[in-house]
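Here the structure comes first, spelled out in structure tokens, and everything after it is commentary.
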Amino acid sequence: MSNCTHPCLELDAGFDRRIGEKIRVSTQIGNVRVPQVRSLLLSKLAAMSKQGIDCRLEALYPVERVGMDPWSFTRCLGILLDNAAEAALETETPWVEIILLSQKGRLSLRVSNPYAGMIDPDKIWAEGFSTKGEGRGLGLASYHRILADCPNAATSTSWAGGVFVQELTVEETV
Amino acid sequence: MISIYICDDEESVRHQLKTALEWKIFIENYDMSVVCAASTAQELLDTVQDSRRGIYFLDVDLKDGGDGFILGRELRRRDPHGTLVYITSYGDLAWKTFQYHLEAFDYIVKEGDQTGPAVARCLEAVYARLLDERRDPAEMFSLRIGDETRHIPLSDILLFEAAPKAHHVYLHTADSRLDFVGSLNELEKELGRRFIRVHRAYLAAWDKIEVVDGKGNQVRVGGRTCLLSRTGKAELKKKSGGSF
């Protein structure tokens with residue numbers, strides 16, 4: 001079995017870089033090489049598609065490392081995607097965009113979605129915040145709690161023009 | 001005079017782009033010139049010496065293994081305010097990645113003899129944007145996040161806040177909160193006049209302060225609440241000439 005996987009991985013890598021990228025750029029899941037992240041993305045993308053959410057994933061370069069505990073990262077990604085899907089479904093044309101950029105020593109994740117309603121900047125990071133009303137959206141508080149323990153992670157949020165964007169950047173510690 | 005650079009590994013494409021661009025420049029009388037039509041990334045980089053606000057038309061997939069994204073990164077380093085336009089053979093490249101991480105202007109899909117007109121239309125759009133920028137040059141704050149530099153209009157910034165994480169700072173605008181590595185002390189030095197240190201952990205935009213609550217020791221800045229320290233109060237008094 002192990003003899004089989006190596007040539008496949010090499011083929012996969014070559015395929016991705018030259019041909020694969022060109023043929024199926026809009027589904028660059030093949031570039032996501034961290035198993036937990038890949039699994040989560042596959043299942044979330046499938047679920048969102050089923051709900052009628054137009055999904056877009058970009059992973060220009062292979063994502064091989066995360067720079068933090070992969071399970072924590074996966075959990076954070078899951079929270080962001082759940083929130084994004086929930087908010088998007090309140091709009092007329094729901095979509096979710098996931099951009100993963102792996103560079104030397106840094107991984108950047110960007111999740112965007114449209115939203116309806118108002119966002120109160122003072123409450124946005126509080127426990128229970130959600131554009132759907134009070135008491136929902138405990139996810140974001142967990143998200144920030146997980147990341148509070150990661151000194152090499154930075155998060156940015158913006159909500160201009162009816163589009164909610166969450167960015168998570170993880171610097172690889174040397 | 002704005003310099004235009006082309007990079008594509010196919011001679012026919014280089015010729016097509018150069019012809020279309022030069023024709024457009026001629027009939028519109030733009031103050032621009034195509035100064036380079038390189039076949040490799042290295043050739044292009046060797047030509048880009050002192051470029052300021054150049055316009056770069058780049059093939060995304062260069063056959064010598066060159067990487068359009070990495071080329072864009074390097075060009076951004078040398079010409080932070082340049083315009084990057086990507087040319088691709090395939091309709092669906094990872095466009096958002098280029099757009100967000102390189103601030104790429106647009107991308108054009110090669111479509112036989114329609115490529116020339118598409119490039120010409122793109123040049124028109126770039127020209128319009130350059131005119132806009134010149135007419136209304138907004139003072140920008142440069143934010144470094146790793147290899148990338150983001151530009152935020154200074155007038156959009158409400159305040160800087162010391163983040164819980166050591167050496168991290170939050171930048172607040174009306175519709176965002178960005179997290180970056182920085183120091184309020186350095187920011188205060190850098191932005192002195194327009195910002196006021198109302199608290200050890202808050203550097204607020206002077207012209208965005210709405211309410212000063214001396215008793216409650218807080219300040220309302222563009223809808224956000226900041227803490228106000230005794231030193232902060234003194235700063236406010238000093239700046240406002242005694243009344244606020």
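As the structure is a computational prediction, the values presented were derived from the model and not from experiment.
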For a 4.5 angstrom cut-off between non-hydrogen side-chain atoms, does A/Tyr61 reach B/Thr97? no
Take atom CZ in B/Arg194; do more than 12 heavy atoms of anything else shown fall under 6.0 Å from it? yes
Would you mind checking which part of B/Gln99 comes under 4.5 Å of any heavy atom in chain A, side chain (CB onward), backbone (N, CA, C, O), both or neither? neither
Give the member of B/Phe180, B/Tyr100, B/Tyr170 that has the highest number of heavy-atom pairs under 4.5 Å with chain A. B/Tyr100
Side chain, backbone, both or neither: which part of B/Ile70 has an atom under 4.5 Å from a heavy atom of chain A? both
Chain B interface, residue from A/Glu97, A/Arg110, A/Gln103 that has the most non-hydrogen pairs under 4.5 Å: A/Arg110
With only heavy atoms counted, which part of B/Ala166 is less than 4.5 Å from chain A, the side chain, the backbone, both or neither? neither
So for atom CZ, which belongs to A/Arg75, do other residues, nucleotides or ligands contribute more than 12 heavy atoms lying within a distance under 6.0 Å? no
Could you state the interatomic distance from CG (A/Leu60) to CG (B/Asp67), rounded to the nearest 0.5 Å? 6.5 Å
More than 12 heavy atoms of other groups within 6.0 Å of B/Glu210 CD: yes
Once rounded to the nearest 0.5 Å, what's the spacing between atom OG1 of A/Thr157 and atom CG of B/Asp175? 11.5 Å
Answer yes when B/Lys165 and A/Glu171 have at least one side-chain N-carboxylate O distance shorter than 4.0 Å, and no when they do not. no
For A/Leu101 and B/Phe69: C-alpha separation, side-chain torsions, deciding distance, then whether side chain to side chain contact (heavy atoms under 4.5 Å, CB included) applies. CA-CA 11 Å; A/Leu101 180 64; B/Phe69 186 83; 3.7 Å; yes
Please give me the minimum heavy-atom distance between B/Lys96 and A/Glu58, naming the atom from each residue. N-OE2, 3.0 Å
Kindly check if the number of other-residue, nucleotide or ligand heavy atoms within 6.0 Å of NE2 (B/His151) is above 12? yes
Donor-acceptor under 3.5 Å (A/Ser156 side chain, B/Asp179 main chain): yes
Mind listing the closest non-hydrogen atom pair of A/Ala153 and B/His168 along with its distance? O-CE1, 3.7 Å
